[in-house]
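Below, chain A is the first sequence line, B the second, and so on; all start at residue 1.
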There are 2 protein chains.
Amino acid sequence: MLLQDRTSASCAPARCLSCKARGNSLCAAMADGELSALHAIGRRRNLPAGQAFNWAGDRNHHCATVVEGMLKVTASTSDGREQIVGLLFPGDFVGELFADDATLTVSALCETDLCTYPRAAFERTLEDHPRMERLLLRRTLLALGDARGRMLALGRRNARERIAGFLLDLVERTGRPAANGGTRIAIPISRGEMADYLGLTIETVSRQLSQLKAAGILAFAKGDRGCTVLREASLQAILNPA
Amino acid sequence: MLLQDRTSASCAPARCLSCKARGNSLCAAMADGELSALHAIGRRRNLPAGQAFNWAGDRNHHCATVVEGMLKVTASTSDGREQIVGLLFPGDFVGELFADDATLTVSALCETDLCTYPRAAFERTLEDHPRMERLLLRRTLLALGDARGRMLALGRRNARERIAGFLLDLVERTGRPAANGGTRIAIPISRGEMADYLGLTIETVSRQLSQLKAAGILAFAKGDRGCTVLREASLQAILNPA
DNA sequence: GCCGCGATTTGACCGGCGTCAAAGCCCCCG
DNA sequence: CGGGGGCTTTGACGCCGGTCAAATCGCGGC
C-alpha cells in the first residue's frame with residue numbers, strides 16, 4: 001500500500017490515466033504526480049440503471065465523480081412529490097460537501113460508473129490542492145447559475161415554454177445535424193423523469209410534445225428515445241415570447 | 001497610494017476594522033494584515049432602496065459584499081415576468097464571478113451599503129488567498145443547496161405550502177418571542193416581492209395570508225410589515241403534509 | 001406469433017391559481 | 001383635514017395544467 005503510493009507519486013496511476021472523465025473532472029486540476037492522492041482514497045463503483053448512490057436523510061459519507069453515465073439529483077416533499085434539481089454527466093462532481101447529512105437523493109438514470117471517495121478524505125485532499133478547490137468553485141458557480149435559470153423556469157414559465165427550453169438545452173448538449181436539415185437530439189430520460197425535471201406531470205409533458213409534433217416542429221422516429229427538431233427557431237420563439 | 005498600502009499592510013484599514021459585515025463576510029478569511037489587499041481595490045457604495053446594483057445583460061464589471069441592508073437577485077423572461085432567485089443579506093457576496101456578462105439583475109430592497117470591487121481585481125485577490133476562496137466555495141455550496149430547496153418549492157409545492165415555508169424561514173431568520181406566546185417576525189419585503197420570490201402573484205399571496213389569518217395561525221398588527229405567528233406547528237403541518 | 005407488462009398517449013373533467021377589476025387602506029403632502 | 005397615489009385586499013371569472021381513466025404502443029418472454 002505504502003509502496004504503491006510512493007511509486008505512483010512519480011507517475012499517474014493507470015486507472016486514472018485511462019479514465020474517460022479525466023480532463024473534464026476535478027482530477028484535471030491534478031498533475032500526473034498528484035493523482036495518487038486521489039487514487040489512494042478513490043474506489044471505482046458501478047451503479048446499475050435506477051439504483052441510488054445515496055438517499056436524502058442518510059449520513060453523508062461519500063462523494064464521487066461521474067466517470068460514465070448519467071445521474072439525477074432529486075429533492076422531494078414529505079408526501080412524495082419529487083423534483084429533479086440537477087442532472088450529472090461524466091466529469092461532474094457528486095455529493096454535498098461539508099454537510100453531515102444528505103438532503104438530496106442521487107440515483108442513476110442509466111448504468112453509471114463512478115469514482116467514489118470518502119467525503120472526509122476528499123475534503124482533506126481539497127484543502128491540500130487549491131487548484132482542485134478552485135476548479136470545484138467554478139463548477140459550483142456554474143451549477144448555481146444553472147439552478148437559478150431553472151428557478152425562473154419553474155416559477156414563471158408555462159408548460160410549453162419549459163418543454164421548449166428543455167429541448168433547446170438538448171439541442172445544445174446532444175444535437176447533431178439530421179438528414180432533412182433538422183437537428184437530431186437524444187432524449188436520454190423517460191417522460192416521467194422529464195416531468196420531474198420540469199415540474200410538470202407525465203401527461204402534460206406528453207401532450208405538449210404531441211402538440212409540437214402536430215405543429216411540425218418536432219418529428220419522432222418510431223420506437224426510440226430521441227427526436228429531430230425540425231424548426232429550432234420556433235422553439236426559440238416559444239421560449240422567448242415577444 | 002502606494003504608501004497607504006504599505007502602512008495598512010501591518011494593521012487593518014480603519015474602514016475594515018469598523019465594518020459591520022466583517023466576521024461573516026469573505027473578509028473574515030483575511031488576517032488583519034491581509035485586508036489591505038481588499039481595501040486597496042474596494043470602494044464603499046450606498047444604494048438607495050429600489051435602485052439596481054447591476055442589470056442582466058450588462059458587462060459584468062463589479063462584484064461586492066453586502067455591508068448593511070438587503071438585495072434581491074432576479075432573473076426574468078424576455079416578456080418581463082420576474083423571479084427572485086436569491087436574497088442577499090449583510091456579509092453575503094454579490095456578483096457572478098468568471099462571467100463576462102451579467103445574466104441576473106441585482107437591486108436593493110431597502111437602503112443598502114456595499115463594499116464593491118472590480119471583478120477582475122477581486123478574482124486575482126481570490127487566487128492569492130486560498131482561505132478566502134475556500135470560504136467562497138462554502139458559501140456557494142450553501143447558496144446552491146438553498147437554490148435546490150427553492151426548485152422543489154417552485155416545481156412541486158402549491159401556494160399554501162410555499163407561503164408556509166416562506167414564513168417558517170422568516171421565523172428562523174428573524175423570529176423573536178412575542179408577548180402572547182407567538183413568534184413575531186418581520187416581513188421585510190412587499191407583497192409583490194414575496195410573489196416574485198415564491199413564483200406566485202400578488203393576489204394569491206394576499207389571499208393565502210388572509211386565509212392563514214382567518215385560521216388563527218397568523219395575526220397582523222395594523223399598519224406594519226411583519227406579523228406574529230400564533231401556531232407555528234400549523235405552518236409546519238401545511239409545509240409537510242402527511 | 002401471442003401474451004403481458006410497463007411506458008406513453010389521449011380523453012374527460014375539475015380545481016387552483018392567474019387575470020381583470022374594484023374597493024379599501026395607509027401614508028404623505030398640501 | 002382633505003385629496004391623491006401606491007400598496008393591499010377582496011371578488012368574479014376563466015384557463016392551464018393536474019387528476020383519473022382508458023386506449024395504444026413497444027418490447028421481451030414463451
Which listed nucleotide (C:dC17, D:dT10, D:dA21) is nearest to the side chain of B:Gln208?
C:dC17
Are A:Thr103 and A:Glu96 close enough that a side-chain donor and a side-chain acceptor fall under 3.5 Å?
yes
Check this one for me: any side-chain N or O of A:Arg207 less than 4.0 Å away from OP1 or OP2 of D:dG17?
no
Counting the atoms with a prime plus P, OP1 and OP2 as sugar-phosphate, which does A:Ser206 contact under 4.0 Å by heavy atoms, base, sugar-phosphate, or nothing?
base
D:dT8 P sits how many Å from B:Glu193 CD, rounded?
9 Å
Answer with yes or no whether the side chains of A:Asn60 and A:Asp100 bring together a donor and an acceptor at under 3.5 Å.
no
Between C:dC17 (P) and A:Leu200 (CG): distance, integer Å:
15 Å
Test for a donor-acceptor pair under 3.5 Å between the base of C:dC20 and the side chain of B:Glu203, counting only N and O atoms.
yes
Considering only side-chain heavy atoms of A:Arg191, which listed nucleotide, D:dT8, C:dT9, C:dG18, is closest?
C:dT9
Please state how far atom NZ in A:Lys213 lies from atom C1' in C:dT10, giving the value in whole angstrom units.
12 Å
Let me spell it out: for each of A:Arg156 and A:Ile202, pick the nucleotide of DNA chain C with the closest heavy atom. Which residue's pick is nearer the 5' end?
A:Ile202
Using whole Å, what does the distance between atom P of nucleotide C:dA7 and atom CG of A:Asp196 come to?
13 Å
So does B:Arg138 have more than 12 non-hydrogen atoms from other groups sitting under 6.0 Å from CZ?
no
Take atom CD1 of A:Ile187 and atom P of C:dT8, then tell me their distance rounded to the nearest Å.
10 Å
Just to confirm, is there a sub-4.0 Å distance from OP1 or OP2 of D:dG17 to any side-chain nitrogen or oxygen of A:Thr204?
no
Between C1' on D:dT19 and CZ on A:Arg81, what's the gap in Å once rounded to a whole number?
14 Å
Do B:Phe93 and B:Phe122 have ring centres separated by under 6.0 Å?
yes
Is A:Arg162 positioned over the aromatic face of A:Tyr197, cation under 6.0 angstrom from the ring centre and no more than 45 degrees off axis?
no
Residue pair B:Lys72 / B:Glu82, side-chain heavy-atom distance below 4.5 Å:
yes
Name every residue in residues 157-167 of chain B that has at least one heavy atom under 4.0 Å from any atom of DNA chain C, in order of residue number, or write none if there are no such residues.
B:Asn158, B:Ala159
Please find the pair of heavy atoms, one from B:Pro241 and one from B:Ile238, that lie closest to each other, and give the distance.
CD-O, 3.6 Å
Please determine whether a side-chain nitrogen or oxygen atom of B:Ser210 lies at a distance below 4.0 Å from atom OP1 or OP2 of D:dT10.
yes
Might you confirm whether atom CZ of A:Arg45 has over 12 heavy atoms from other residues, nucleotides or ligands at distances under 6.0 Å?
yes
Scan side-chain atoms only and decide if B:Gln83 and B:Asp196 contain a donor-acceptor pair under the 3.5 Å cut-off.
no
Considering the terminal five base pairs at each end of the helix from C:dG1-D:dC30 to C:dG30-D:dC1, what angle separates the two local helix axes, rounded to 10°?
30°
How close or far is atom P of C:dG18 from atom CG of B:Leu198, stated in whole angstroms?
11 Å
Just by distance, do the side chain of A:Thr116 and the backbone of A:Arg43 share a donor-acceptor pair under 3.5 Å?
yes
A:Leu212 atom CG is separated from C:dT10 atom P, nearest whole Å, by 12 Å
Looking at every strand, decide which applies to B:Leu209 at a 4.0 Å heavy-atom threshold: base, sugar-phosphate, or nothing.
nothing
